[in-house]
Protein chains: 2
Amino acid sequence: MARIKTDKNISRKEVIVSKAATLFREKGFKAASMRDLAEAVGVEAASLYNHIKSKTELLHELCFSVANRFLHKMDEVEAENISNIAKIEKLLRFHINEMIYHYEEVYVSDREWKHLADPYLSNFQNQRRIYRKRFAAVIEAGIRTKEVKKIDAPTAVLIMLHAISGIESWHRSTQKISAAELEENMVTILVGGLTNP
Amino acid sequence: MARIKTDKNISRKEVIVSKAATLFREKGFKAASMRDLAEAVGVEAASLYNHIKSKTELLHELCFSVANRFLHKMDEVEAENISNIAKIEKLLRFHINEMIYHYEEVYVSDREWKHLADPYLSNFQNQRRIYRKRFAAVIEAGIRTKEVKKIDAPTAVLIMLHAISGIESWHRSTQKISAAELEENMVTILVGGLTNP
DNA sequence: AAATACCGCTAACACGTGTTAGTTGATTAT
DNA sequence: ATAATCAACTAACACGTGTTAGCGGTATTT
């Protein structure tokens with residue numbers, strides 16, 4: 001009876017959650033079955049339930065761990081004493097790096113949150129709405145100080161956040177430019193598009 | 001025995017495909033059941049099969065009708081005798097309007113194509129890859145003529161296309177700016193981000 | 001009016017799903 | 001060494017899924 005492999009400091013549950021992220025990204029939450037997940041982990045489906053409560057619990061864990069990281073970063077950036085454009089760029093670079101280095105989780109949180117069940121669903125939608133408002137507020141501050149073009153701030157936020165999810169295509173492409181180049185290109189275009197010339 | 005209502009020139013199949021688009025957008029292809037669809041159409045699930053071959057056929061129809069519209073527009077724009085920036089802007093505006101006025105279909109084609117079965121899946125992915133290459137080629141031409149900043153063209157394409165899918169959020173938001181304003185804001189930011197100052 | 005194609009219904013199937021119960025071997029603590 | 005906890009297994013269930021068969025009524029054509 002071979003147990004799930006664990007390095008020290010990585011619980012078996014964390015292994016499962018991590019494999020779930022990969023699977024949910026590849027097939028979508030609904031299409032990924034617990035038997036698929038079990039196979040990926042190297043175990044029978046029923047055995048997973050010694051470590052987790054339900055399939056949806058896996059989705060909660062993924063969605064909220066990502067959401068919390070972003071909210072935490074927002075706290076941090078808002079508190080800094082730098083220009084608004086600098087704040088926007090910092091948030092942008094954070095998003096880009098999250099999407100590059102925590103691809104699976106971030107992607108799943110972005111695309112599959114619809115399948116959350118309802119105390120969690122509303123909660124998650126709320127957190128998102130608040131996050132976007134705070135992002136928009138930074139842009140609006142930038143508009144008032146004339147750093148940023150006169151544009152509709154919520155629209156700008158929506159462009160930023162969705163543009164970043166395009167990094168998915170970068171991950172899948174065979175001829176990738178480097179992560180650093182990708183980051184610089186995205187910043188050039190997006191910050192460039194906002195900045196008042 | 002009440003039949004599916006049809007205006008003249010709209011076949012019952014088209015009614016089904018259209019309702020399917022809405023449903024697939026709301027719940028995702030895999031989570032949307034034929035019984036759900038039947039209810040939306042006002043009929044029993046089995047009756048749908050008098051008009052369609054399978055659930056996946058609905059997805060084919062949606063995905064390829066959208067893909068064909070974009071490829072057709074690309075043909076048109078490539079042939080025009082205008083600056084590269086103008087071509088980019090035209091393509092962009094077309095994408096934006098498609099996402100505004102054919103929301104359900106375009107959204108489904110964008111997010112749910114993974115669930116296509118394999119002769120269609122590869123076909124669709126191919127068409128996508130080709131479309132993006134042609135888009136990138138326009139941008140590269142713009143870079144050579146110095147209309148466009150020196151950036152990685154595939155990255156620029158990926159930003160454009162994904163930014164536009166953010167219009168989903170606009171559709172869901174309660175306090176919408178007008179469609180025209182949305183279009184102008186997006187063009188300002190995205191074309192502005194590309195153009196050489 | 002008769003014939004034919006259309007289109008809805010009910011019933012049912014085979015299968016894949018998430019999950020639970022109960023058990024047994026492996027690991028850890030006393 | 002013994003006890004206790006952990007984590008794997010097998011078996012099974014209840015249910016939702018896409019889809020088919022076959023029937024009967026309703027439009028449409030002749």
Side-chain angles (χ1 to χ4, degrees), chain A residues 1-21 23-24 26-63 108 112 114-118 120-121, chain B residues 1-21 23-24 26-63 108 112 114-118 120-121:
Chain A
M1 218 181 282
R3 296 197 165 190
I4 298 175
K5 290 183 221 163
T6 53
D7 298 346
K8 250 173 280 183
N9 301 334
I10 297 186
S11 73
R12 282 168 232 276
K13 180 168 177 174
E14 284 169 318
V15 173
I16 294 172
V17 172
S18 158
K19 297 269 185 191
L23 207 66
F24 292 170
E26 284 171 357
K27 314 184 72 166
F29 174 76
K30 200 72 188 187
S33 78
M34 294 305 275
R35 285 164 179 85
D36 290 338
L37 178 55
E39 195 183 344
V41 171
V43 104
E44 289 300 313
S47 309
L48 297 171
Y49 288 85
N50 288 316
H51 304 280
I52 61 163
K53 287 206 292 291
S54 67
K55 187 187 182 187
T56 18
E57 190 205 3
L58 292 169
L59 193 58
H60 305 161
E61 302 249 337
L62 289 167
C63 288
V108 169
E112 305 293 334
K114 278 187 193 180
H115 298 101
L116 286 169
D118 205 1
Y120 299 95
L121 179 59
Chain B
M1 220 180 280
R3 296 197 164 192
I4 299 175
K5 291 181 221 162
T6 53
D7 297 347
K8 252 172 278 182
N9 299 334
I10 297 187
S11 73
R12 285 168 229 277
K13 179 167 179 178
E14 284 168 318
V15 174
I16 294 172
V17 171
S18 158
K19 297 271 184 189
L23 207 65
F24 292 172
E26 284 171 355
K27 315 184 68 165
F29 175 76
K30 199 73 189 186
S33 78
M34 293 305 275
R35 285 164 180 85
D36 291 338
L37 178 56
E39 195 185 342
V41 171
V43 106
E44 290 301 312
S47 307
L48 297 171
Y49 289 84
N50 287 317
H51 306 278
I52 61 163
K53 286 206 293 291
S54 67
K55 187 187 182 187
T56 19
E57 189 205 2
L58 293 169
L59 193 57
H60 306 160
E61 301 249 339
L62 289 167
C63 288
V108 169
E112 305 293 334
K114 279 187 192 180
H115 298 103
L116 287 169
D118 206 359
Y120 299 95
L121 179 59

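In the text below, chain A, chain B and the rest are named by the order of the sequence lines, each starting its count at 1. Heavy-atom basis, side chains included; hydrogens, waters and symmetry copies ignored.
Looking at the side chain of B:Glu44, the nearest of the listed nucleotides D:dA8, C:dG8, C:dC9 is C:dC9. Comparing D:dA11, D:dT19, D:dA7 against the side chain of A:Ala46 picks out D:dA11 as the nearest. Comparing C:dT19, D:dT19, D:dC9 by their nearest atom to the side chain of A:Val43 picks out D:dC9.
Going from atom CD1 of A:Ile52 over to atom P of D:dC6 covers 17 Å, rounded to whole Å. In this structure, A:Arg12 atom CZ and D:dA7 atom P are separated by 5 Å, rounded to whole Å. Note: CG (A:Leu23) to C1' (C:dG18) measures 15 Å, nearest angstrom. Rounding to whole angstrom units, NZ of residue A:Lys30 and P of D:dC15 are separated by 16 Å. One interatomic measurement links the two molecules: NZ of A:Lys55 to P of C:dT20, which rounds to 15 Å at whole-angstrom precision. When the C1' atom of D:dG18 is taken as reference, atom CG of B:Leu37 falls 12 Å away, rounded to whole Å. Rounded to whole Å, the distance from CD on A:Glu57 to P on C:dT20 is 12 Å. One atom, CG of B:Leu48, and another, C1' of C:dC7, lie 12 Å apart when rounded to the nearest Å.
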Go through the steps for A:Leu48 and A:Ile16 under the test side-chain contact (heavy atoms from CB on, under 4.5 Å), then give the verdict. CA-CA 8 Å; A:Leu48 297 171; A:Ile16 294 172; 3.8 Å; yes
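Of the side-chain N and O atoms in B:His51, none sit less than 4.0 angstrom from OP1 or OP2 of C:dC6. In this structure, B:Ser47 does not reach the C:dC7 phosphate: none of its side-chain N or O atoms is under 4.0 Å from OP1 or OP2. Residue B:Ser33 has a polar side-chain atom (N or O) positioned under 4.0 Å from OP1 or OP2 of D:dT17.
One finds no salt bridge joining B:Glu112 and B:Lys27 here, because no Lys/Arg side-chain nitrogen approaches an Asp/Glu carboxylate oxygen to under 4.0 Å.
Two residues, A:Lys53 and A:Asp36, neighbour DNA chain C, and the one matched to the more 5' nucleotide by heavy-atom proximity is A:Asp36. Between B:Ser54 and B:Asn50, the one whose closest nucleotide on DNA chain D sits nearer the 5' end is B:Ser54.
Judged by the 6.0 Å and 45° rule, B:Lys114 forms no cation-pi pair with B:Phe29.
Scanning atom types as modelled, one donor and one acceptor separated by under 3.5 angstrom connect the side chain of B:Arg35 and the base of D:dG18.
At the heavy-atom level, A:Ala31 lies nowhere under 4.0 Å from the strands shown.
The side-chain heavy atoms of B:Ile52 and B:Leu58, taken from C-beta on, include a pair separated by under 4.5 Å.
The aromatic rings of A:Tyr120 and A:His60 lie parallel to each other, with less than 30° between the two planes, well short of the 60° mark.
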